[in-house]
Every structure is written in structure tokens, then in C-alpha cells.
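Okay, so here's the structure we're looking at.
Position 1 is the first residue of the sequence; numbering continues from there.
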Amino acid sequence: MPHDALELDVVRSHFPAFESPGNAGQSFFENAGGSYACRQTIDALSSYYTDTKVQPYADYGPSADAGARMDRSRRRWAEALGVESREVVFGPSTSMNTYVLANAFGEILAPGDEVIVTNQDHEANTGAIRRIAERVGATLREWRIDPVTGHLDPDGLYELLGERTRLVTVPHASNIVGEENPIAEICSAAHSVGARVVVDGVSFAPHSLPDVDALHADVYLFSLYKTYSVHQGLMVVRSGLLAELPNQGHFFNADVPDKRLNPAGPDHAQVAAAGAVLDYVEALHRHHIGDPGTDLRGAVGRVSRLWREHENVLTDALLDSLSSRDDVRLIGPGATGGARHRCPTIAFSPLAIEPEKVARGLVERGVQTSSGHYYAVRVLEGLGIDPDRGVVRLSFVHYTSPADIERAVTALDEVLDA
Ligand SMILES: Cc1ncc(COP(=O)(O)O)c(C=O)c1O
């Protein structure tokens with residue numbers, strides 16, 4: 001029978017971390033730093049190391065099997081994201097993927113070309129390209145957030161776009177502000193002047209696996225280890241751009257699409273296990289909706305909707321509580337139902353108590369979180385918040401329960417009222 005709401009017992013049964021003694025009686029609120037891995041991911045990694053831990057793609061059994069597992073991951077992720085297999089690049093992390101990408105752009109940017117970056121990004125999406133733009137004599141333009149709300153207004157981009165704009169980098173959702181940016185609209189504006197768009201989906205994908213084709217991004221990146229999977233970064237580079245970007249790998253691999261932008265070489269086991277999280281998504285589909293069939297993109301979209309509906313209810317409960325206090329500055333939208341969706345990555349600045357002390361108080365009450373700048377130094381500076389003081393961040397995902405939220409709300413009240 002179909003279920004129109006996410007069944008948490010079923011969801012959590014797929015995550016062994018909930019059974020780990022270290023997590024007993026605790027609520028995990030640091031998912032934006034790295035999520036739990038689902039059982040399918042753990043089993044696939046373990047099975048690779050047990051059964052096929054050899055150089056892949058030779059003709060003998062375990063080697064051919066290893067290669068087939070790697071190919072399956074790539075194919076499945078391509079289907080899930082609505083792109084071609086050859087457009088999927090697995091790299092060691094998103095930071096490394098953007099670093100390599102920036103170096104590739106550095107070879108095609110010319111003096112006088114313009115690059116637009118935001119100050120809403122995690123440093124990984126702009127640091128390397130800022131340095132490279134300076135090195136090649138390109139002009140860097142910064143599309144800035146509203147200093148009070150952290151909102152990124154597309155009008156700000158339209159003022160900066162021009163005939164020399166070659167590249168725009170933007171987050172799908174900031175890891176501090178949490179608000180979803182209108183990527184299709186941004187891409188359409190950038191494409192109208194012939195610019196490419198690099199989208200950091202790291203804080204978005206764990207909540208809703210995107211249809212990258214529908215977004216029209218030229219590059220879409222996210223971190224699999226924050227998406228219930230292995231510690232790798234996944235980068236989609238659409239084929240037109242992939243061909244245009246100079247090879248960053250060994251010269252003899254220039255025609256191998258997935259090697260052009262990964263000079264580190266593939267981590268075989270992790271690539272082979274990377275696709276297993278999609279088996280988890282299909283298991284959820286089977287339980288809640290029915291047979292997922294062969295349309296993986298469709299199944300991923302439907303399960304993502306279930307995730308989002310569940311998360312929205314919990315997000316609003318936590319936001320209500322934080323918004324009602326006058327001793328915290330909540331960053332980003334105060335509810336999920338506004339003009340733009342809000343992800344459950346909720347950061348706030350406590351006004352009377354040091355963030356570090358608040359985080360410690362929360363941890364003492366079973367709320368696993370932390371404080372800091374989360375590598376979003378420019379975002380905090382743009383909001384007038386001292387990055388060294390930082391903020392407290394509570395980030396959660398679809399496996400978070402109403403009881404977890406209740407624990408966080410009670411703990412917050414106790415710590416802030418103390
Ligand atoms: C929004 C965002 N972008 C990029 C990154 C960098 O990802 P990685 O750790 O895979 O390098 C992070 C990491 O926290 C992030 O939150």
C-alpha cells in the first residue's frame with residue numbers, strides 16, 4: 001500500500017549508525033558536515049574490499065567485476081541526475097573537483113574576461129577560481145548577499161553580467177543561509193551572454209537529488225559523503241564544456257571523459273560503492289510508493305519529494321522556536337513556505353552567549369552539533385558576523401525525527417535561558 005509520508009522506522013533501519021552505542025540517546029545535527037552512510041553504501045564498500053580489491057578492468061573474474069561495479073555507479077548516477085555517463089566525474093572531494101576545474105578554466109580565460117563569484121559560497125566553490133582569475137588577469141566581480149538576510153538577489157547578477165562574462169559560480173543553497181537559489185533562472189541569464197555556470201549543490205543534494213539537466217547548469221557539484229554515500233565528490237560537467245576544458249590528466253587519457261578532470265586517479269572502491277545509495281532510494285520508493293521500474297530519475301524525484309515534505313515540517317518547528325527568541329539572530333528565511341525553498345541547514349548567531357558555549361551546552365544535552373565558520377568565512381563577513389566567533393549550526397536530513405527536533409528545541413531553550 002502506498003504511504004504518502006515518510007516512515008521513519010523504515011528509513012532508519014537502513015542506517016546502521018542509529019544502532020551504534022556511541023549514538024544511543026543522541027540526536028545528530030551535523031549532517032551538513034557529513035551524513036550517516038546507508039547500509040547499502042557500507043555493504044558495497046565492504047564487498048568491494050572483500051571480493052574485488054584488485055586493479056579493475058582486466059579479463060579475470062574479480063577484476064572484470066570491479067570494473068563493472070565502477071561502471072554501474074557511474075551509469076546509475078548519470079540516470080539519477082538526468083545526464084550522460086560520460087559527464088559524471090568522481091573526484092576525492094568537491095574542494096578538489098573545484099580546484100581542478102578552476103585550473104582548467106585558467107587555461108581558457110584571457111586577460112579582460114570576467115568571472116562572477118558570490119560571497120554566499122562555501123570557500124570551495126570560489127577560492128581557487130578567485131586565485132586563478134587574478135593570475136590570468138581576468139576581472140573578478142562579486143555578486144553579494146543582502147547583509148541582513150543573506151539572500152542572493154538575481155537582480156544583483158543581472159547588473160554584473162556583460163559580454164565579457166565567461167563564468168558564474170553560485171551555490172544551489174549556502175551551507176549557512178540554507179535558502180535555495182533559482183538555478184535555472186540564473187543559468188538562463190548567464191547563458192544569454194554566453195557565460196558558463198558552476199553550481200555548488202553540496203548543501204542542496206542531500207535534501208533533494210537534483211535533475212541537473214532541468215537546471216541547465218554547465219557544472220553541478222556535490223559531496224557524496226554528505227549524501228549517505230562514500231567520501232567522494234561528484235561533479236557533472238556537461239559535454240559541451242567537457243570537450244572545451246583542457247585535459248588536466250595524463251596526456252594519453254585526454255580522450256577518456258572521466259579522466260580529463262580527475263588527475264588524482266579514481267578511488268576504485270569508493271567509485272564502485274558510490275551508486276549503492278541509489279539502491280537505498282529505490283528501496284524507499286518500493287516501500288512508500290511501489291515498484292520504481294526502470295525510470296531511475298523519476299523514482300529519485302518522487303523519493304526526494306517525500307524527503308522534502310518530511311524535512312519541511314521539522315524545519316518549520318525548529319525555525320518557529322528560533323524566530324520566537326530575541327537573543328538569537330537567525331540566518332536565512334524563517335520558514336520553508338516563502339518564495340524560495342529553505343533547506344534544513346539552520347545557522348544562528350547567539351547574541352548574549354558565545355557560539356562555542358552554546359554548542360557545548362547542546363552537546364551536553366544530547367544534541368550533536370558544533371559552532372564555527374564552516375569555511376563560509378565570506379558569508380559571515382558579508383552578514384557582519386565575526387568568522388572567528390562563528391555561528392551555531394543545526395543541520396538535519398530526512399532521517400531526523402520529530403523527537404530529535406523536540407530535543408534540540410528543549411536544549412536550546414535551556415542553554416540560551418541559563
Ligand atoms: C556548501 C559546500 N560546498 C563545498 C564543500 C566542500 O566539500 P568537500 O568537503 O567535499 O570538499 C562543502 C563542505 O562542507 C560545503 O558545505
| said: Determine whether Thr336 and Asp316 satisfy the following criterion, side-chain hydrogen bond (donor to acceptor under 3.5 Å, both in side chains), listing intermediate values before the conclusion. | reply: CA-CA 6 Å; Thr336 57; Asp316 283 337; 2.9 Å; yes

Between [X] and [Y] (side chain of the first, backbone of the second, donor and acceptor by atom type, cut-off under 3.5 Å), is there such a pair?
X      : Y      : result
Ser63  : Gln55  : yes
Asp218 : Leu241 : no
Thr41  : Val230 : no
Thr118 : Val170 : no
Arg144 : Leu152 : no
Asp51  : Pro62  : no
Ser208 : Pro210 : no
Asn253 : Val256 : no

Checking [Y] against [X]: is there a side-chain donor and acceptor pair closer than 3.5 Å?
X      : Y      : value
Ser46  : Asp43  : no
Arg342 : Asn312 : no
Gln270 : His231 : no
Arg302 : His285 : yes
Glu179 : His151 : yes
Asp213 : Tyr220 : no
Asn181 : Gln120 : yes

[X]/[Y] ion pair, N-O < 4.0 Å:
X      : Y      : answer
Arg69  : Asp65  : yes
Glu114 : Arg166 : no
Glu142 : Arg130 : yes
Arg196 : Glu244 : yes

Kindly say whether the aromatic ring centers of [X] and [Y] come within a distance under 6.0 Å.
X      : Y      : value
Phe15  : Tyr36  : no
Phe18  : Tyr399 : yes
Phe396 : Trp307 : no
His14  : Tyr228 : no

| task | Scan for side chain to side chain donor-acceptor pair (under 3.5 Å) pairs involving residues 91-103, sequence neighbours excluded, and state none if there are none. | result | Thr94-Ser223

For [X], does the [atom1] atom have more than 12 heavy-atom neighbours from other residues, nucleotides or ligands under 6.0 Å away?
X      : atom1 : value
His191 : NE2   : yes
Asp155 : CG    : yes
Gln368 : CD    : yes
Glu134 : CD    : no

| query | Going through the distances and angles, do Val202 and Asn175 end up as a side-chain contact (heavy atoms from CB on, under 4.5 Å)? | reply | CA-CA 8 Å; Val202 173; Asn175 65 328; over 6 Å; no

| task | Only one of Arg260, Arg238, Arg74 passes salt bridge (Lys or Arg N to Asp or Glu O under 4.0 Å) with Glu87; say which it is. | result | Arg238

| message | Checking Ser401 against Asp404 for the side-chain hydrogen bond (donor to acceptor under 3.5 Å, both in side chains) test, could you report, in this order, the C-alpha distance in whole Å, the side-chain angles of both residues, the deciding distance, and whether it holds? | response | CA-CA 5 Å; Ser401 69; Asp404 290 324; 3.1 Å; yes

